[in-house]
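We're numbering straight along the sequence, starting at 1. The basis for the numbers below is simple: all heavy atoms, side chains too, and nothing from hydrogens, waters or symmetry mates. Not measured: the values here are computed from a predicted model.
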Amino acid sequence: SSGHVVDERLVYDFAFFGTSNVGVRSGVVPIGMAGWKFSEAATLGVGVTPVPGSREWLDGSPWNLGIDRSMANTFFRPGFSPGAAALGSLFDDTVHYRAGVWNAIDGGTSGVFRRGTSMAWAGNTWWEPLAPFGIGYGDMEHHDEAALRLGTSGVYGRTFALGFPGLNPEDTIVRLSDGTPLALPGALGGDSRVDEFRYQLATVDAGWKYRGWAVNFEYYFRMLNGFVGTGPFERSSIFDQGGLGYVSWCFVPRTYEVYARSSVVTGPYGTGQEYGGGFNWYVNRSRQGRFTLEALHMNRNPAQNFLYPYRAGYSGTAIQTQFVVAF
């Protein structure tokens with residue numbers, strides 16, 4: 001639900017996230033923001049929102065091209081957290097931004113287990129120089145003019161580790177590139193245990209849409225350092241990187257679409273890949289109803305997401321289907 005209260009400048013955007021696979025959080029949680037819209041250039045608000053650490057994280061459900069977000073995005077991105085942010089668009093709606101400060105890289109229900117202050121500073125900006133890019137990675141709307149989107153994002157957080165594996169993806173557990181949770185005893189050697197660390201993430205992304213065709217890429221750079229806890233640690237810093245790519249063709253406008261997808265994560269503890277593709281049927285020629293059939297192969301997957309077939313350390317093939325209704 002979104003709209004305004006009393007004054008058109010007092011705006012809100014609110015939703016409930018619910019799942020029967022509750023993991024370490026409640027089955028239904030509120031997500032959204034309320035704030036004051038000064039102009040198209042600036043709205044200031046507070047609420048529980050995604051920490052804007054990557055393009056796919058912000059441009060995701062229910063507008064995913066496939067069943068859900070990529071392995072790489074699931075591995076690198078932050079989560080949901082209470083925070084305060086500014087967002088808007090500049091230069092005739094060609095430059096957009098979202099930036100602010102949040103309680104943590106994940107300040108959701110699991111975040112109450114963090115000790116001390118774990119503030120996260122984050123921002124995401126993108127440029128659409130040719131035409132409005134629209135939502136989602138696919139071009140089911142069939143742009144008559146080519147649309148280009150170029151973006152970047154960054155996150156910095158001094159955070160206290162969550163010392164349990166976690167099940168639900170919104171309770172972000174920072175992992176090594178072999179899928180081991182960073183806070184797991186012995187993750188960095190011997191009897192070590194990380195209690196506190198610095199999380200630094202930067203991404204660059206590009207997307208293109210034209211007459212049903214779409215190509216999207218995003219690349220991630222992550223540095224973990226400043227480890228505090230029980231040592232000694234076998235490393236003083238950990239640098240991981242990875243990327244994702246999507247190619248799609250909506251061969252019947254606003255109705256039938258095929259796509260291919262792949263992503264990779266690599267770091268000092270190993271490399272994981274995924275690749276696959278699928279088919280989308282937009283029921284009633286609308287994004288509000290979408291049937292998806294997808295096949296996805298994973299090799300040494302380092303990500304974990306129990307709402308999707310990502311299991312840390314898993315190699316194998318998943319064939320899955322989904323029907324999304326958005327209203």
Side-chain angles (χ1 to χ4, degrees), residues 50 54-77 126 128 130-151 169 203-220 242-265 272-299 301 303 305 307-310 314-326:
S54 81
R55 175 68 50 225
E56 192 179 27
W57 181 220
L58 289 183
D59 201 29
S61 179
W63 318 123
N64 303 300
L65 187 57
I67 298 288
D68 208 306
R69 302 176 181 93
S70 67
M71 177 197 73
N73 186 77
T74 302
F75 177 84
F76 285 109
R77 66 157 176 78
W126 64 99
E128 300 176 3
L130 303 181
F133 195 81
I135 58 176
Y137 275 3
D139 188 25
M140 65 86 69
E141 292 88 358
H142 268 242
H143 280 68
D144 291 328
E145 299 179 55
L148 176 68
R149 179 172 66 188
L150 302 173
T203 76
V204 291
D205 65 271
W208 173 85
K209 294 180 178 180
Y210 183 57
R211 294 187 177 179
W213 288 92
V215 180
N216 290 268
F217 298 97
E218 186 164 26
Y219 205 82
Y220 303 79
L244 62 86
Y246 289 85
V247 178
S248 64
W249 178 36
C250 192
F251 58 92
V252 177
R254 304 187 69 91
T255 306
Y256 299 124
E257 179 179 60
V258 291
Y259 65 90
R261 57 180 288 189
S262 181
S263 76
V264 62
V265 172
Q273 307 97 12
E274 68 166 344
Y275 47 89
F279 167 81
N280 287 322
W281 170 33
Y282 295 97
V283 181
N284 295 326
R285 299 169 55 86
S286 169
R287 286 188 182 272
Q288 269 57 46
R290 174 172 55 90
F291 171 81
T292 301
L293 177 64
E294 180 179 79
L296 191 63
H297 181 75
M298 291 157 277
N299 184 29
N301 159 57
N305 180 334
L307 301 185
Y308 197 52
Y310 292 139
Y314 171 76
S315 294
T317 301
I319 299 175
Q320 51 199 345
T321 186
Q322 181 183 67
F323 184 65
V324 174
V325 177

More than 12 heavy atoms of other residues, nucleotides or ligands under 6.0 Å from OH of Tyr256: yes or no?
no
Would Arg69 and Tyr310 count as a side-chain contact (heavy atoms from CB on, under 4.5 Å) if you check the C-alpha gap in whole Å, the side-chain angles of each, and the deciding distance to 0.1 Å?
CA-CA 11 Å; Arg69 302 176 181 93; Tyr310 292 139; over 6 Å; no
Hey, does the side chain of Asn64 reach the backbone of Gly66 with a donor-acceptor pair shorter than 3.5 angstrom?
no
Gln322 side chain reached by Tyr308 side chain, heavy atoms, under 4.5 Å:
no
Please lay out, stage by stage, how Asn73 and Tyr220 fare under the test side-chain contact (heavy atoms from CB on, under 4.5 Å).
CA-CA 8 Å; Asn73 186 77; Tyr220 303 79; 3.1 Å; yes
Under the salt bridge (charged side-chain N to carboxylate O under 4.0 Å, His left out) rule, what pairs show up with a residue in residues 274-291, not counting sequence neighbours?
Glu141-Arg287, Arg261-Glu274
Assign the ring pair Trp249 / Phe251 to parallel, tilted or perpendicular, where the plane angle (0 to 90°) is split at 30° and 60°.
tilted
Distance (rounded to the nearest 0.5 Å) between Ile67 CD1 and Glu294 CD
5.0 Å
Contact check, side chains of Glu145 and Leu130, non-hydrogen atoms, under 4.5 Å:
no
Minimum-distance pair of heavy atoms, taken over all atoms of Glu257 and Leu65
OE1-CD1, 3.3 Å
More than 12 heavy atoms of other residues, nucleotides or ligands under 6.0 Å from CD1 of Ile135: yes or no?
yes
Taking His143 for its side chain and Pro132 for its backbone only, find out whether a donor-acceptor pair lies under 3.5 Å.
yes
Tell me, do Tyr282 and Thr255 make a side-chain contact under 4.5 Å, heavy atoms counted?
no
Indicate yes or no: at least one non-hydrogen side-chain atom of Val283 is less than 4.5 angstrom from one of Trp281.
yes
Rounded to the nearest 0.5 Å, the OG atom of Ser315 sits from the CD atom of Gln273 at a distance of 8.5 Å
Locate the shortest heavy-atom distance separating Tyr314 from Pro309; write the atom from each residue and the value.
CD2-O, 4.3 Å
To the nearest 0.5 Å, atom CH2 of Trp126 lies from atom CG of Leu150 at 13.0 Å
Evaluate the criterion ring pair (Phe, Tyr, Trp, His ring centres under 6.0 Å) for residue pair His297 and Tyr275; output intermediate values, then yes/no.
CA-CA 6 Å; His297 181 75; Tyr275 47 89; 5.4 Å; yes
Would you please name every residue forming a side-chain contact (heavy atoms from CB on, under 4.5 Å) with Pro62, sequence neighbours left out?
Val324, Ala326
Shortest non-hydrogen contact from His142 to Arg254?
CD2-N, 4.5 Å
Would you check if the side chain of Glu128 reaches a backbone N or O of Phe133 as a donor-acceptor pair within less than 3.5 Å?
yes
For the residue pair Thr321 and Thr292, what are the closest heavy atoms and their distance?
OG1-O, 2.9 Å
Would you give the length of the straight line joining atom CZ of Phe279 to atom CG of Leu293, rounded to the nearest 0.5 angstrom?
8.5 Å
Hey, could you give me the CG/CZ distance between Asn280 and Phe291, rounded to the nearest 0.5 Å?
9.5 Å
Spell out, as yes or no, whether a donor-acceptor pair under 3.5 Å connects the side chain of Asn216 to the backbone of Tyr137.
yes
Kindly indicate whether the side chain of Thr203, heavy atoms from C-beta on, has any atom under 4.5 Å from the side chain of Phe76.
no
Out of curiosity, Tyr246 OH to Ser263 OG, how far, rounded to the nearest 0.5 Å?
7.0 Å
Got Tyr210 and Trp208 here, is their nearest side-chain heavy-atom distance under 4.5 Å?
yes
Search all heavy atoms of Tyr259 against all heavy atoms of Ser248 and return the closest pair with its distance.
CB-CB, 3.7 Å
For residues Glu218 and Arg55, report the shortest heavy-atom separation together with the two atoms involved.
OE2-N, 2.6 Å
